Protein chains: 2
Amino acid sequence: MTSNAFSGFYHKHRQEILYGVSLALLLFLLRWLELRFLILDHIIEIYVGAIALLFTGLGIWLAHKLTTPKVETRIVEREVFVTAGGEFTVNEGERMRLGISQRELEVLQLVAQGLSNQEVAERLFVSLNTVKTHSSRIFEKLEVRSRTQAVERARRLRLIA
Amino acid sequence: MTSNAFSGFYHKHRQEILYGVSLALLLFLLRWLELRFLILDHIIEIYVGAIALLFTGLGIWLAHKLTTPKVETRIVEREVFVTAGGEFTVNEGERMRLGISQRELEVLQLVAQGLSNQEVAERLFVSLNTVKTHSSRIFEKLEVRSRTQAVERARRLRLIA
DNA sequence: TTTCGCGTCATACTTTCGGGTGATTTAGCG
DNA sequence: CGCTAAATCACCCGAAAGTATGACGCGAAA
């Protein structure tokens, strides 16, 4: 359990941990080097310069690792095949026969486009409950039990495109 | 002329110049500060740490400024009308492009027929969880969030009849 | 041999769906 | 006017769908 928790934590924060550890190591190294530099302390500019360069590099590396890269969108057109033998017309006869109202058909069309009930509600400016009621009635009239079946059936009956 | 040349040079290499100048200034500042640190030279770790942090930040900033933006191809669908009213064939190219496996396509087909996850599981002799995993992957690859959307999209791409 | 994609399964959780029931309002119709 | 269909909304509840994460075996590719 604990090992799992630790390994999880480690994987999530690998970058930070490595960074912290390496920084600590570096400071330690510098502390040790310091003894020499106390003697010839006029070389401190070089020393500082080296550190500056080193950590600049580290910063760049960090930025590369941690930042989401800038994206430049390039748009490529791609064909999508559509079986269009002609214009689609709602099978009014079938609609009437099944007693599906205009509003219900609207809901059905939106559902067929993959919208959730909530999204349909927002699109039609009605409440979620209303959409649920409509879709329930649709299911009854189409004699199905789910939205996916409803769409399938409605397509066959040419109630929707 | 010279002023123009200089301004052109400046504009092209503003980043580098600013970086160089600020680095020089910083070194100068440090040289000045050094006098104090020679007295209380035990604070050198703090001093080094500060420099490290500062230049890490500078590196990050530099990286941000200098990275070339990565290109992200965004695909726009363009409708192409197909006269084929006859038999259906799976758009293999599209399937390959999206990396949808055969098994995933099977699940997708059954889902498109209006079957529930449980029914798909029984039909394929696998567990409910397996079907869920497959459909999740399908959703990722088709970039959708629900089975209804997946079916809609798959139809457009001619992955299913 | 190691790596990788695929298929399989699981657990735990959140969100969405769908069923059941009832209520109100509005418009049309006899 | 009463009646009815349609549209609207509400509350509850269980089932289904979807998310996140991890694990395991297996065969092909590197």
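On a predicted model such as this, the values are computed, not experimentally measured, just so you know. Each chain gets a letter, A, B and so on, in the order its sequence line appears, and its residues count up from 1.
- Here the side chain of Gln149(A) pairs a donor or acceptor atom with the backbone of Arg145(A) at under 3.5 angstrom.
- The existence of a salt bridge linking Glu94(B) and Arg97(B) is confirmed by a sub-4.0 Å separation between a basic side-chain nitrogen and an acidic carboxylate oxygen.
- Taking every nucleotide of DNA chain C with any atom under 4.0 Å from a non-hydrogen atom of chain A, the first and last of them, 5' to 3', are dC17(C) to dG19(C).
- When each of Arg137(B) and Arg147(B) is assigned the nucleotide of DNA chain D with its nearest heavy atom, Arg147(B) is the one assigned upstream, toward the 5' end.
- You'll find the side chain of Val144(B) stays beyond 4.5 Å of the side chain of Ile138(B), heavy atoms only.
- For the pair Leu124(A) and Arg103(A), the minimum side-chain heavy-atom distance is below 4.5 Å.
- At distances below 3.5 Å, not a single donor-acceptor pair connects side-chain atoms of Glu143(B) with backbone N or O atoms of Glu140(B).
- Regarding contacts with the backbone of dA6(D), every side-chain N or O of Arg103(A) stays at 4.0 angstrom or more from both OP1 and OP2.
- Taking atom CD on Gln102(A) and atom C1' on dA6(D), their separation rounds to 12 Å, with Å as the unit.
- In terms of modelled atom types and a separation under 3.5 Å, the side chain of Glu152(A) and the main chain of Thr148(A) share no donor-acceptor contact.
- Contact check, Arg145(A) against dA15(D): no side-chain N or O comes under 4.0 Å of OP1 or OP2.
- Taking atom CD1 of residue Ile100(A) and atom P of nucleotide dA5(D), one finds them 17 Å apart after rounding to whole Å.
- With contacts defined as side-chain heavy-atom distances shorter than 4.5 Å, the pair Val151(A)/Val151(B) does not qualify.
- Residues Val131(B) and Val126(B) meet the side-chain proximity criterion, which asks for heavy atoms closer than 4.5 Å.
- Judged by distance alone, with hydrogens and angles left aside, the side-chain atoms of Arg158(B) form no donor-acceptor pair with the main-chain N or O of Val90(B) at under 3.5 Å.
- Against DNA chain D, the stretch residues 149-161 of chain A makes no heavy-atom approach under 4.0 Å.
- With hydrogens and angles disregarded, a donor-acceptor distance shorter than 3.5 Å links the side chain of Glu104(A) to the backbone of Ser101(A).
- With rounding to whole Å, Glu104(A) atom CD is found 9 Å from dA7(D) atom C1'.
- Remark: the backbone N or O of Asn117(B) is not paired with any side-chain donor or acceptor of Lys132(B) at under 3.5 angstrom.
- Residues from residues 105-136 of chain B lying near DNA chain C, meaning a heavy-atom separation below 4.0 Å, are Val126(B), Ser127(B), Asn129(B), Thr130(B), Thr133(B), His134(B) in numerical order.
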